[in-house]
Amino acid sequence: MRLKISIFLSFLFLSIHTINAQDEPSSTKDAVAAFDKGEYFDAQQLYKKAFGKEKNKAVKAEILFKIAECWRFLNDVKQQIPAYDKAVKAKYPDPIAIYYLGMAQKMSAQYAAAIATFNQYKAANPSDKKIDDVIKSCQLSDDWMKHPTRYKVNNEAVFNTKFADFAASYGKKDYKTLLFTSSREEAMGSSNDPISGNKFTDLFETTLDKKGKWSSAKPISPPVNSPANEGTSCFDRKGVEMYFTRCSQERNKIVRCKIYSTKRRGTSWEDPVLLPFCTTDSATFGQPSLSPDETHLYFSSNLDGGYGGLDIWVSTHDKSKKTWSDPVNLGASVNTDGDEMYPFMHADGTLYFSSDGHLGMGCLDIYSSKYDGKNWGEAVNMQYPINSASDDFAIIFQDNEEKGYLSSNRDGGRGGDDIWSFYKPPLIFTLKGVARDIDTKKVLADVKISLVGSNGTSFSVMTDRSGGYFFDSAQIKQN
C-alpha cells in the first residue's frame with residue numbers, strides 16, 4: 001500500500017511501513033538501515049552505490065526495487081515510473097513491482113498505460129481480487145477528466161515555494177488568517193530531514209490586508225515550532241486555541257506523531273499540551289480538525305481496532321469535565337484497508353477527508369460523507385478538478401460558501417505539495433423565447449409575458465415585433 005505524499009506525512013506512516021532487513025545482502029547494509037528508519041532520501045543514494053558494486057542479477061533486481069520504493073515513499077512520481085520499470089525488466093520476482101508501476105502511471109494520468117499494466121499485474125497475481133476496482137478507478141478517472149465538475153482550482157503562488165507547502169487552516173473565523181505547513185528554508189532547525197533532504201516542517205502564518213493581499217508568511221514562534229516536524233493545525237471559533245501535530249524525532253527510534261493544544265496570548269503561544277488520548281506509544285496521531293461546535297475532534301491514526309493503515313477517528317470533549325473521550329473509529333463507510341487522512345468537518349455537517357482506499361483518480365483523493373444520526377454515509381469522490389491524478393488532500397471550506405483551499409502536488413504548482421484555492425462559480429440563468437398564437441402559430445408582437453417565481457416574485461416584459469422575449473440573470477436566481 002502506497003504511503004503518502006509530503007515530508008510531514010511520511011512520519012505518520014513509519015510505524016506501519018517499516019521494512020525487515022534481515023534478508024538483505026551485506027553490500028546494502030547502510031542503505032537498508034536508512035530505509036528502515038524512513039530516511040528514504042539517503043537510502044536511495046546508498047542503494048545506487050550498492051547497485052554499482054553488485055554482480056548478482058537477483059540482488060541487483062532487489063536493489064532496483066528498493067530504489068523505486070524510496071521514490072514512492074518520497075512521492076516523486078516522475079522518478080517512480082522509470083525506477084519500477086527497471087525493476088520489472090530486471091525480473092524482480094514479486095508482481096507488486098508491476099502494481100506500483102501501474103499506480104505511478106495512474107498518478108501521472110496515463111490511464112490507458114496504467115490499465116495495461118494493471119492487467120499485466122492481474123495475470124501475474126490472479127488472487128488479488130481488488131485489482132478490478134483499481135482498473136475501474138482508471139476508467140472512471142478518465143471519464144471525470146472529460147466531464148469536470150463546476151469547481152475552479154487555482155494555484156496560490158503567494159503561499160507556495162519550491163519546497164513542500166500544504167494543509168492550510170483558518171486561524172480566525174473572519175478567514176483573514178491562514179496557517180499552513182512548510183519545509184521552506186525559513187523553518188526552524190539547522191539540520192535537514194533525512195527523509196526528504198529538506199528542512200523539518202514548521203507552521204507558518206499569513207494574514208490578509210485591507211487591499212486583499214496576503215502578507216509574507218512567517219513561522220509561528222516557539223514553543224509551537226521546534227526543531228521537530230510541526231504541521232496540520234486547526235482552531236476554535238475565536239482563533240485562540242489551536243490544535244496541531246508534532247512529530248518528534250529521536251535517534252534510532254521510530255518517529256511518532258502526536259496532537260497538542262496551545263493557546264494564543266497576544267503574539268505569543270502557551271506551552272503545548274499533549275492531548276490525553278495521544279499518550280500511547282503504540283500508535284501515531286495527526287491532522288486534527290475541530291467540529292464547528294467545538295465538541296468533537298476528528299483526526300487520523302493507526303490505533304488498534306481500525307480497518308487498515310491510517311483511519312479517521314473522533315474524540316468528544318466534555319466541557320464540564322474539560323476532558324477528551326477515548327477515540328471512536330468512524331466505521332467502514334469512511335475507513336478502508338488503505339489510509340484515510342486529513343479530516344475536515346464542514347459547518348453543514350459534511351465530513352471531508354482524503355483516502356487512497358476508495359475508488360479514486362490517483363493515490364489520495366478527496367471524499368465527502370454525511371452522518372445520518374447513526375452512521376456515516378458512503379464516501380463520495382469529489383471528482384475532477386478538485387481531485388486529480390496526483391495527491392489531493394487537506395481541503396477546507398469557508399462556512400456556507402463553496403470556496404476554500406486544498407493541497408495537491410499536481411502539475412502547475414511551484415514545488416512538491418502546494419496550496420490551491422478553489423471555488424464554485426454561481427449558476428447564471430437566462431430565459432428567452434418566442435410567443436405564438438396556440439392555434440394559428442403566428443408570432444405575438446407587443447404582448448406581455450410574465451415570469452412568476454416559486455417565492456412569489458414576478459417580472460413582466462413585452463414581446464418585440466418578432467414575438468421575442470428575454471429574462472436575464474437579475475430576474476432568475478438559482479432555486
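- Under the 4.5 Å side-chain criterion, counting only non-hydrogen atoms from C-beta, T181 is in contact with L203.
- No close placement of the Y100 and Y92 rings is indicated, their centers lying 6.0 Å or farther apart.
- Using a 30° and 60° split on the angle between ring planes, W324 and H317 fall in the tilted class, from 30° to 60°.
- Shortest non-hydrogen contact noted between A187 and F200 is CB-O, 3.3 Å.
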Q: Could you check Q398 against Y170 for side-chain contact (heavy atoms from CB on, under 4.5 Å), going step by step and ending with a plain yes or no?
A: CA-CA 9 Å; Q398 289 191 17; Y170 295 114; 3.3 Å; yes

Q: Apply salt bridge (charged side-chain N to carboxylate O under 4.0 Å, His left out) to D132 and K136, showing your working.
A: CA-CA 6 Å; D132 287 334; K136 181 181 178 181; over 6 Å; no

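- Around atom CG of D348, more than 12 heavy atoms belonging to other residues, nucleotides or ligands sit under 6.0 Å away.
- Using a 4.5 Å cut-off on side-chain heavy atoms (C-beta onward), L297 and L275 make contact.
- Applying the salt bridge (Lys or Arg N to Asp or Glu O under 4.0 Å) test between E205 and each of R264, K172, K218 identifies R264 as the sole match.
- The two residues W420 and S408 make their nearest non-hydrogen contact at NE1-O, 3.3 Å.
- Side-chain contact check for I386 versus V153: some heavy-atom pair is nearer than 4.5 Å.
- Neither side chain, D392 nor S390, offers a donor N or O lying under 3.5 Å from an acceptor on the other.
- The two atoms that bring I131 and Y121 nearest to each other are CD1-CD2, 3.6 Å, heavy atoms only.
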Q: Evaluate the criterion side chain to side chain donor-acceptor pair (under 3.5 Å) for residue pair K106 and S137; output intermediate values, then yes/no.
A: CA-CA 9 Å; K106 181 185 178 186; S137 71; 2.8 Å; yes

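- Between F204 and F180, the ring planes lie parallel to each other; the angle is under 30°, not in the 30° to 60° tilted range.
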Q: With side-chain contact (heavy atoms from CB on, under 4.5 Å) as the test, would you mind laying out the steps for S289 and I396 before giving the verdict?
A: CA-CA 10 Å; S289 176; I396 60 172; over 6 Å; no

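- No option in S233, S300, C257 other than C257 meets the side chain to side chain contact (heavy atoms under 4.5 Å, CB included) test with T245.
- The environment of NZ in K60 is crowded: more than 12 heavy-atom neighbours from other residues, nucleotides or ligands sit within 6.0 Å.
- With contacts defined as side-chain heavy-atom distances shorter than 4.5 Å, the pair L330/E340 does not qualify.
- The nearest pair of heavy atoms linking A34 to L46 is CB-CD1, 4.1 Å.
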Q.
Evaluate I135 against N119 for side-chain contact (heavy atoms from CB on, under 4.5 Å), listing each step before the verdict.
A. CA-CA 8 Å; I135 294 172; N119 280 321; 3.4 Å; yes

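- Here the side chains of W313 and N335 are not in contact, with every heavy-atom distance at 4.5 Å or above.
- Screening Q105, E69, Q79 for a side-chain hydrogen bond (donor to acceptor under 3.5 Å, both in side chains) involving Y84 leaves a single residue, E69.
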Q: Walk me through it: do K370 and T350 pass the test side chain to side chain donor-acceptor pair (under 3.5 Å)?
A: CA-CA 5 Å; K370 290 184 178 292; T350 302; 2.5 Å; yes

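- Between Y352 and F397, the angle of the ring planes lies from 30° to 60°, which puts this pair in the tilted group.
- Separation of atoms CG (L140) and CG (L359) is listed at 6.5 Å; rounding is to 0.5 Å.
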Q: Show the numbers, then the answer: is there a side-chain contact (heavy atoms from CB on, under 4.5 Å) between M345 and Y371?
A: CA-CA 11 Å; M345 180 54 68; Y371 190 65; over 6 Å; no

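- Although no hydrogens or angles enter the test, the distance criterion places no donor-acceptor pair under 3.5 Å between the side chain of H147 and the main chain of Y384.
- No side-chain heavy atom of D417 sits under 4.5 Å from any side-chain heavy atom of S407.
- Within a 6.0 Å sphere centred on CG of D372, heavy atoms belonging to other residues, nucleotides or ligands number more than 12.
- Taking the side chain as every heavy atom from C-beta outward, I81 and S108 approach each other to under 4.5 Å.
- The local environment of CD in E378 is sparse, with at most 12 non-hydrogen atoms from other residues, nucleotides or ligands closer than 6.0 Å.
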Q: Test T201 against N229 for side chain to side chain donor-acceptor pair (under 3.5 Å), laying out the working first.
A: CA-CA 5 Å; T201 59; N229 280 280; 2.9 Å; yes

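- Below 30°, between 30° and 60°, or above 60°: for W214 and Y405 the angle between ring planes is above 60°, a perpendicular geometry.
- No side-chain heavy atom of M382 sits under 4.5 Å from any side-chain heavy atom of T149.
- In this structure, F35 has its ring center under 6.0 Å from that of F73.
- Heavy-atom neighbours of K424 NZ from other residues, nucleotides or ligands within 6.0 Å: above the threshold of 12.
- Judged by distance alone, with hydrogens and angles left aside, the side-chain atoms of K176 form no donor-acceptor pair with the main-chain N or O of L208 at under 3.5 Å.
- In summary, the side chains of S421 and E156 do present a donor paired with an acceptor at a separation below 3.5 Å, with no hydrogens or angles considered.
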Q) After noting the C-alpha distance and the side-chain angles of Y99 and F118, does the key distance pass the ring pair (Phe, Tyr, Trp, His ring centres under 6.0 Å) rule? A) CA-CA 6 Å; Y99 175 83; F118 287 135; 5.8 Å; yes

